[in-house]
Amino acid sequence: MSLTKGYAAQVANGKLEPWEFERREVGANDISIDIEFAGICHSDIHQVNEEWGEAIFPMVPGHEIVGTVVAVGSNVTKFKVGDVAGVGCFVDSCGTCEYCLDGNDHWCLDNSAYTYNGMERDGVTPTYGGYSKNVVVKADYALHVPANLDRAGAAPLLCAGITTFSPLRHWNAGPGKKVAVMGLGGLGHMAVKLAVAMGAEVTVMSHSEGKREDALAMGAKNFVVTSDKEELKKLANTFDLIINTVSAEIEIRRYIGTLRQWGSLVVVGAPGKPYSIDGSILMGRQLSLSGSNIGSIKETQEMLDFCGEHNIVSDIEIIPASAINEAYERVLASDVRYRFVIDTATI
Ligand code: NAP
Ligand code: ZN
């Protein structure tokens with residue numbers, strides 16, 4: 001075991017404060033990464049505040065991790081010392097269930113290990129995330145970050161990037177498709193950049209008028225302020241696909257009305273509260289309400305390579321670790337442009 005430093009919440013709703021804890025020794029299949037940057041995902045806030053059910057404390061959040069490989073286990077060929085590596089939302093899975101065998105290890109049926117607020121597959125060792133100086137993970141669950149991408153800007157790709165890339169790909173965003181993105185935050189702005197790069201025509205649906213210029217600069221063709229009910233009504237029967245990244249409770253039926261035939265509204269935002277919907281609004285044009293959860297290791301690498309090819313990174317504000325609590329407040333106020341990334345050298 002080796003001691004490392006991080007920022008942890010000691011209790012539910014607690015402030016993030018400096019904390020020292022142990023990382024395991026580097027096993028034969030592991031790599032050790034000296035973390036340089038860690039993104040702040042809204043999921044970190046939901047989990048620290050225990051909005052998704054029972055959470056494990058102390059909690060070191062962070063599942064958007066980029067750093068340099070400083071040690072490799074004897075069996076590892078995927079990485080060498082000095083490589084840039086990323087870690088996303090999960091760090092292990094069973095490898096033998098139908099989904100793992102099918103390349104969908106993020107849906108593992110048997111005890112997968114989330115990067116933090118979870119347990120290793122032994123069921124007793126808690127996992128601690130990226131708001132820290134170092135992490136030891138199985139090499140198979142780490143990703144290669146393309147060399148041309150800014151490392152800090154690439155960190156949010158490990159969650160915000162893959163969480164939006166996966167449904168955009170699954171529901172065939174591309175030329176000739178009209179895609180709407182609900183909420184221009186961390187996930188939302190990645191959805192815009194990725195969908196634009198895939199060739200779709202993108203509309204942003206936001207409750208923050210002040211984000212209009214940014215949305216258009218990211219390549220969106222249209223920007224709609226959702227507080228104006230008439231604006232959404234005008235878009236009835238328009239979109240093939242809607243990616244809902246909103247972190248709060250909303251009236252989802254207002255948005256479903258903007259789908260055109262066979263369209264799907266994909267929920268990725270996770271407010272931890274139910275949506276209220278009358279199923280009959282899905283019937284008319286064979287519409288779907290669907291969901292998507294992060295993405296597999298394989299697809300995460302495809303997403304990173306796609307971002308490398310298209311030179312896509314997140315728009316970020318780099319902060320010292322001492323500003324994490326303030327950053328949480330700003331995320332909750334939808335005042336993030338568009339992802340906070342912790343410079344872990346400041347821990
Ligand atoms: P974020 O940066 O806070 O973005 C959320 C956006 O939602 C805000 O910027 C805001 O955009 C909009 N919003 C917030 N409150 C609203 C309200 N009351 N009414 C209408 N719109 C509101 O959060 P994020 O990190 O992108 O995460 C978004 C959600 O996705 C979170 O719930 C997170 O837990 C979840 N998530 C899910 C997955 C998954 O695998 N499914 C992965 C990661 C995150 P505007 O200002 O533009 O309106
Ligand atoms: Zn996340």
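Just so we're clear, the structure is a prediction, and the values are computed from it rather than from any experiment. When a ligand or atom number is given, it counts from 1 through the structure's own listing order.
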Taking it one step at a time, do Thr203 and Val179 satisfy side-chain contact (heavy atoms from CB on, under 4.5 Å)? CA-CA 6 Å; Thr203 294; Val179 174; over 6 Å; no

Looking only at protein heavy atoms, what sits closest to atom 33 (C) of ligand 1 is Ser43 OG, 3.4 Å

Contacting atoms of ligand 1, where contact means under 4.0 angstrom from a heavy atom of Thr245: 5 (C), 28 (C), 29 (C)

Interatomic distance, CG@Leu259 vs OG1@Thr238, rounded to 0.5 Å, equals 9.5 Å

Give the contacting part of Met182 toward ligand 1: side chain, backbone, both or neither, where contact means a heavy-atom distance below 4.0 Å. neither

Regarding ligand 1, does Val268 bring an N or O atom to under 3.5 Å of one of the ligand's N or O atoms? yes

Considering the heavy atoms of Cys159, write down every atom of ligand 1 situated less than 4.0 Å from one of them. 42 (C), 43 (C)

Under 3.5 Å: N/O of Val336 near N/O of ligand 1: no

Where the Zn ion (ligand 2) is the centre, what is the SG-to-NE2 angle for Cys159 and His63, rounded to 10°? 110°

Note: Trp52, heavy atoms under 4.0 Å from ligand 1, region reported as side chain

Can an N or O of Ile250 be found at a distance shorter than 3.5 Å from an N or O of ligand 1? no

Under a 3.5 Å distance rule, please check whether Tyr255 uses its side chain to pair with a backbone N or O of Ile250 as donor and acceptor. no

Which bit of Thr163 gets closer than 4.0 Å to ligand 1, counting heavy atoms only: side chain, backbone, both or neither? side chain

Sub-4.5 Å side-chain heavy-atom contact between Val81 and Val70: no

Please report the interatomic distance OH(Tyr131) to CD1(Ile342), rounded to the nearest 0.5 Å. 5.0 Å

Would you please test Trp19 and Tyr128 for ring pair (Phe, Tyr, Trp, His ring centres under 6.0 Å) and show each step? CA-CA 11 Å; Trp19 187 53; Tyr128 299 117; 5.2 Å; yes

So, does Ser292 sit close enough to ligand 1 that a heavy atom of it is under 4.0 Å from the ligand? yes

Side chain, backbone, both or neither: His46 near ligand 1, heavy atoms under 4.0 Å: side chain

I want to know if ligand 1 touches Arg339 in the polar sense, i.e. an N/O pair below 3.5 angstrom. yes

Which of the atoms of ligand 1 are close to Lys211, meaning less than 4.0 Å from one of its heavy atoms? 9 (O), 11 (O), 45 (P), 46 (O), 47 (O)

Between Val268 and Pro167 the two heavy atoms that sit nearest each other are CG1-CG, 4.3 Å

Any luck finding a side-chain donor-acceptor pair between His63 and Ser43 under 3.5 Å? no

Is it true that Ser276 and Arg253 share a donor-acceptor pair across their side chains at a distance under 3.5 Å? no

Ranking Gly186, Gly269, Ala191 by closest non-hydrogen atom to atom 2 (O) of ligand 1, top hit is Gly186

Below 2.8 Å, can you find an N, O or S atom of Cys89 next to the Zn ion (ligand 2)? no

CZ-CG distance between Arg330 and Asp335, expressed to the nearest 0.5 angstrom: 4.5 Å

Flag the pair Ile316 / Pro156 as yes when at least one side-chain heavy-atom distance between them is below 4.5 Å, and no otherwise. yes

Per-atom contacts, ligand 1 versus Ser334 - under 4.0 Å to a heavy atom: 8 (C), 10 (C), 13 (N), 14 (C), 15 (N), 46 (O)

One finds that the ligand 1 atoms under 4.0 Å from a non-hydrogen atom of Ile294 are 39 (C), 40 (O)

Backbone or side-chain N/O/S of Cys41 under 2.8 Å of the Zn ion (ligand 2): yes

So CG of Asn244 and OG of Ser292: to nearest 0.5 Å the spacing works out to 12.0 Å

I'd like the name of whichever of Gly185, Ser208, Gly183, Gly39 reaches closest to atom 46 (O) of ligand 1 through any heavy atom. Ser208

Are the side chains of Phe306 and Met198 in contact, using a 4.5 Å heavy-atom criterion? yes

Which atoms from ligand 1 have a heavy atom of Val331 less than 4.0 Å away? 3 (O)

Option nearest atom 19 (N) of ligand 1 (shortest heavy-atom distance, choices Arg337, His207, Glu64): His207

Quick note on ligand 1: atoms under 4.0 Å from a heavy atom of Ser206 include exactly 45 (P), 46 (O), 47 (O), 48 (O)

If you take all heavy atoms of Glu64 and Ile40, which pair is closest and at what distance? OE1-N, 4.0 Å

Here the atoms of ligand 1 under 4.0 Å from any heavy atom belonging to Ala248 are 15 (N), 16 (C), 17 (C), 18 (N)

Could you label the plane-to-plane angle of the Trp107 and Tyr99 rings as parallel, tilted or perpendicular, counting under 30° as parallel and over 60° as perpendicular? perpendicular

Min heavy-atom dist Glu249 to ligand 1 below 4.0 Å: no

